[in-house]
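Worksheet: the structure to be examined is printed underneath.
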Amino acid sequence: MRKAYITGIAMSPVGRHDLLEHELLIPILIDALNDSELTLNDVQGFVMSHPRVYTKQRYFANWLTHQLRIKPSAILMEVMGDGLTGALAVRQAVQEVLLGNADVVLASAVSLETTVNTDLHLSFTLRALGDVDYTAPFGPTALAVMAMETNRYIYEYGAKIEDLHAIGVKNRLHASMNPIAQFRKPITIADIEASPMIVEPLHLYEVSPRSDGAAAVVVSSEPLGRPGRSIEVKAIGFDHTGVHMSDDRPGDMLDFGVVRGAADKVFKGSGVGLSDVDFFEIYAPAPIHEVLVTEALGLFPRGQGASAAAAGATRFDGLHPVSTSGGCICRGHPPLATPIYDICEVVTQLRGEAGERQVRSAEHGMTFTEMGMYNGTVSFLMGGAER
Amino acid sequence: MIDLGSLQFLPRIRPYNEPFWTRLREEGVFTIQQCAKCGERQFPPRLVCPKCGSREFTFEPLTGTATVYAFSRVMRAPAGYEVPRTLALVDLDEGFRVFTEIVGGNPVRCGDRVRLKPVPVDEMVTLYKFEPI
């Protein structure tokens, strides 16, 4: 049976880049290939996140192959799945390798967010966020929905808002040890409370910024390069509820059932169980999503995820480390690339190259690209002994 | 590029959803689309019944009273929307969850009771906002 390994990774620093998309992305593609000791000539497939509508060059992936003289004889495609996009790009690359269509596929994404007017950006996201006829007229934002979840969580469980703020503090701690993170200065709960309110009860310092960034991974059918640095993709799970934002049939918005659905598919047949997973990288633009994903997985009882995090359980040195990169909130959030950054963080940890934020004895790590009320999840399980 | 001045999104009123918008505007009632064949009720109105595939519907009036399931007070919104504003998911008494805006100035919390407050936008469109009871 064929296997798939991530043999090379590269990421730009997250933040503001005064560059065009290809100026940011191309050096990252070369770095990822160098990391797996390959060259552009070795690339048989090229998959990337469909770039933002603001990108001047359309059919960008095709154009890039010409820029780089890549010959993607196995596959060339841009994928799109809103917040899931970067994860779906890597999933596509893994599938091409597992199907035997290619031995080396490059998966990547570039997000340029800071050059786009915020009003224009919000108007575009508005059209994806809810139903354009029945939700958009009220002017929702993604953070407004996460604020609703936060308020409901506090209402149902009597949770303390300070415990949710503590997740922002934890992510700053992680980001302070991550050289590519956007916000690296450690902060306190008081700093979060003193920062401007964006959507009650979420403050500026505990929500994701709009960030620029590019990330790439090389997916190969065999371990490559120096021993121990190729990380097996053991399984990928997907699940979806079939609901666009909020369901008209009232349900429990605090139960991320699709997280369990995706995780069940990952664990089925992989020989790995939840208790074998040493750390988690979670797509969480606000603290509540770390809480709801960890509770959905059963790492903490329902209603106790926030207090457990506040007690240190999700720190890099805690029982269940979460988002050692600093996550969307502090590493930064270039949305099309964020899931690939998350995969790169898991690879970095499993290689034992995470420096000060290294999780001890890390053998298996998972990503959860989770869409909250957009109701889809992609999860990667990586690691194991074969490298 | 889209003209930023026209970015407040208004619903597209089409034959299949027109009874909902017309009765909201003219009668001030919130109606639910009900399949004439199998009786399935749904919001928002759909082109076909997802349960039986029928395209024949009636629109049945609801009480317009609801309970706040979740809310947020928004301080930053897309161009064309005033802030601060309160967005909410409300559960209609007949068992449908609706994304809406709460108006009327009073702060709301989860569990608060609210009622329909039709708010005209222009000659064609009235939106279904809610206000505290």
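Chain letters run A, B, ... following the sequence lines, proteins first and then strands; every chain starts at 1. Quick caveat, the model's predicted, so the values are computed rather than measured.
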Roughly how far, to the nearest 0.5 Å, is CD of A:Glu290 from CG of A:Leu164?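 The distance works out to 10.0 Å.
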
Any donor-acceptor pair under 3.5 Å linking the side-chain atoms of B:Thr22 with those of B:Glu18?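 Yes.
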
Establish, yes or no, whether the cationic atom of B:Arg41 lies under 6.0 Å from the six-membered ring centre of B:Phe96 and within 45° of the ring axis.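 No cation-pi geometry.
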
Below 4.5 Å, heavy-atom pairs only: which of B:Gly111, B:Cys110, B:Gly95, B:Pro84 has the largest tally toward chain A?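 Max contact count across the listed options: B:Cys110.
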
Give the member of B:Phe71, B:Tyr128, B:Tyr69 that has the highest number of heavy-atom pairs under 4.5 Å with chain A.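 Most heavy-atom pairs within the cutoff with chain A belong to B:Tyr69.
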
Flag side-chain contact, heavy atom, 4.5 Å: [X] against [Y]:
X        : Y        : result
B:Phe59  : B:Ile32  : no
B:Val119 : B:Lys117 : yes
B:Thr67  : B:Val90  : no

Which atoms of [X] approach chain A - backbone, side chain, both or neither, heavy atom under 4.5 Å:
X       : result
B:Val74 : both
B:Glu82 : neither
B:Thr86 : neither

Taking ring-ring contact (aromatic ring centres under 6.0 Å, His included) as the test, write out the residues that go with A:Tyr205, two or more places apart.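 With neighbours one apart ignored, the set is empty.
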
Winner by heavy-atom pair count (cut-off under 4.5 Å) against chain B, out of A:Met148, A:Met197, A:Glu200: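 Among the listed options, the one with the most contacts to chain B is A:Met148.
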
Pick one of side chain, backbone, both or neither for A:Asp247, based on which atoms fall under 4.5 Å of a heavy atom in chain B.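 Only the backbone of A:Asp247 comes within 4.5 Å of chain B.
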
Keeping to residues at least two apart or across chains, list the ring pair (Phe, Tyr, Trp, His ring centres under 6.0 Å) pairs with something in residues 106-126 of chain B.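 Listed by first then second residue: nothing to list.
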
Heavy-atom contacts under 4.5 Å, residues 152-159 of chain A to chain B: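 The stretch touches chain B at A:Arg152, A:Tyr155, A:Glu156.
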
Residues which pass side chain to side chain contact (heavy atoms under 4.5 Å, CB included) with A:Thr55, listed by chain and number, not counting sequence neighbours: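 Checked A:Thr55 against side chain to side chain contact (heavy atoms under 4.5 Å, CB included); matches are A:Glu21, A:Pro51, A:Arg52, A:Phe60.
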
